[in-house]
Amino acid sequence: MAIVKITEILTGNCTDQKVTVRGWVYRKREGKELIFIVIRDSTGIIQSTIKKANPNWTEAQKLTIESSIELEGTVKEDKRAPGGFEIGTESINIIGLAEVFPISKDKSEEFIRDMRHLWLRSRKMNLIMKVRAEILEASREYFKKQNYTEVSPPMFISAAVEGGSTLFGLKYFDQDLYLTQSSQLYLEILIYSLQNVYCIAPSFRAEKSRTIRHLTEYWHIEAEWPFANMNDLINFEEGLMTHVCQTIAQKCVTEFKELGADIEKLKAVKPPFPRITYKEAIDWLKQKNPSLTLGSDLGYEDEKVLAEKFNKPFFVYDYPTAIKAFYCKTYTDHPEIAMSADMMVPRIGEISTGGAREDNKELLIQRMKEQDLKPEDYEWYLDLRRYGSVPHVGFGMGLERLLIWMLDLDNIIDAIPFPRTTRRFYP
Ligand code: ATP
Ligand code: MG
């Protein structure tokens, strides 16, 4: 007999047919003459009933929440059942009888978070992880369409990408190494071979502050390409964001509905996005927060206020050189301004940072010195400017930030299966 996925039944394809489903007991309610068993598999949940006269009645009585089972029966359309279909059970095979499941409705959020390994079975996490997977797929699809090659940079690195304050150090045999904070510099190496490259890989940041948008290990969608300028960069990011939002809006209707997330905001994502300069942003924000001055970095609160003004994704560009990393290219006639752009979204603020990279060796060395970095630590990076240097741009977008915006999630820890924060690293 055909083993079917629950979603297949719910689409009405198996009505009046005999099926076998494999999954876990989601809920159970026992009456005198009838036991209701709700089963879940990776695709959905469905109700089944078993009558007292059935020889498997005692097996059904034994069933506990989260027991794994194989259930055989006939599908009936039933308006009263959740999802509109029900299985009339003929036989039940208990595969793994569960002990008393520790997660129940009355448990606190904190308790549930500590039970991550079991909570991942919840409907909520199941749906979030599906949307996450769809974002990854849609991103790859866009990169491929635009002729970008996916590459695999290292996670162990010997020199810090930017400042050291959020860097994780580690012992690597008898050497001191770090975990990567961004793959950017490695992508920069690869553009000389493959030109348009991207990667989707973890980045590690020793972020001590507890916010709704910081993890210590997150997934970073990064790209880098040569013979390009700031306009190319912003256009590409707009294209990627539009493609991902439109694809998700099309493919994840059920997930959004069940999670209670607003899918309309994704449908509304279309280029061109509003673009404002850093200076314009500060001028506008000063009306709300007079302590803000030209030159200060935008914090989470400022970004949120700014995002309310637009109520959709937008760009802030041309940041002060002084608050940017050493590799940011500056304007020849305005060296105090860096060619850098952040994409922001409502409620979350920044979700990506991109920019043009300094391609002049002398200027790069000067910028390193200004930031107390030793050029000799970056010899290989300087080689890229020695041998066929080229104007190039790139960006990095946080996958989990994108996901919490899309799904209206309260906290970034729900956007990744195994969140890592200052306090969380189990299991
Ligand atoms: P923030 O100022 O919010 O800490 P950042 O400017 O330091 O971020 P970037 O170095 O620009 O971060 O990293 C590129 C992108 O990676 C960010 O726009 C964001 O989407 C994501 N990101 C950065 N740090 C984290 C983190 N700790 N957890 C999750 N995502 C992050
Ligand atoms: Mg940034």
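What you are looking at is a predicted structure, and each value in this text was computed from that prediction instead of being measured. Atoms within each ligand, like the ligands themselves, are counted from 1 in listed order.
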side-chain contact (heavy atoms from CB on, under 4.5 Å), paired with Ile200, selected from Arg140, Glu222, His220: Arg140
Ring centers of Tyr142, Tyr198 separated by less than 6.0 Å: no
Pick from Asp297, Ile351, Ile221, Asp342: the one approaching atom 20 (O) of ligand 1 most closely through a non-hydrogen atom: Ile351
Protein N, O or S within less than 2.8 Å of the Mg ion (ligand 2), waters excluded: Glu350 OE2, Thr353 OG1
Evaluation steps, ring pair (Phe, Tyr, Trp, His ring centres under 6.0 Å), between Phe326 and Tyr378: CA-CA 11 Å; Phe326 73 91; Tyr378 294 87; 5.2 Å; yes
Value rounded to 0.5 Å, distance of CG in Leu71 from CD1 in Ile95: 10.5 Å
Residue selection (non-hydrogen contact nearest atom 15 (C) of ligand 1) among Gly396, Pro419, Ser209, Gly349: Gly396
Arg401 N/O to ligand 1 N/O under 3.5 Å: yes
Side chain to side chain donor-acceptor pair (under 3.5 Å) partner of Thr166, chosen from Glu207, Gln181, Arg205: Gln181
Which segment of Arg213 sits under 4.0 Å of ligand 1 when only heavy atoms are counted: both
Validation row: Phe310, Met344 side chains within 4.5 angstrom (heavy atoms): no
Rounded distance [0.5 Å steps], OH in Tyr319 versus CD1 in Ile337: 13.0 Å
Closest to atom 6 (O) of ligand 1 (judged by heavy-atom distance), picking from Glu350, Glu207, Glu303: Glu350
Option whose closest heavy atom lies nearest to atom 24 (N) of ligand 1, chosen from Tyr218, Trp405, Phe395, Tyr300: Tyr218
Which of the ligand 1 atoms, numbered from 1, are nearer than 4.0 Å to a heavy atom of Ser352: 18 (O)
Numbered atoms and elements of ligand 1 in range of His214, under 4.0 angstrom, heavy atoms: 1 (P), 3 (O), 4 (O), 26 (C), 27 (N), 28 (N)
Carboxylate-amine/guanidinium proximity below 4.0 Å for Glu66 and Arg40: yes
Stepwise salt bridge (charged side-chain N to carboxylate O under 4.0 Å, His left out) test for Arg275 and Glu238: CA-CA 11 Å; Arg275 302 177 184 187; Glu238 248 172 29; 3.4 Å; yes
Spacing of Phe101 atom CZ and Met115 atom CE [to the nearest 0.5 Å]: 9.0 Å
Proximal atoms of ligand 1 relative to Thr353 (non-hydrogen, under 4.0 Å): 11 (O), 18 (O)
Pair up each side-chain donor or acceptor in residues 388-395 with any protein partner under 3.5 Å, not counting sequence neighbours, and list the distances.
residue : atom : partner : partner atom : Å
Ser389  : OG   : Asp359  : O            : 2.6
His392  : ND1  : Val390  : O            : 2.9
His392  : NE2  : Glu188  : OE1          : 2.7

Polar contact flag for Gly398 and ligand 1 (N/O pairs, less than 3.5 Å): yes
Non-hydrogen atom of Arg205 closer than 4.0 Å to ligand 1: yes
Pair Tyr186 and Trp380, ring centroids less than 6.0 Å apart: yes
Option of least heavy-atom distance to atom 27 (N) of ligand 1 (set: Thr211, Val345, Leu215, Thr216): Leu215
Any N/O pair Ile412/ligand 1 closer than 3.5 Å: no
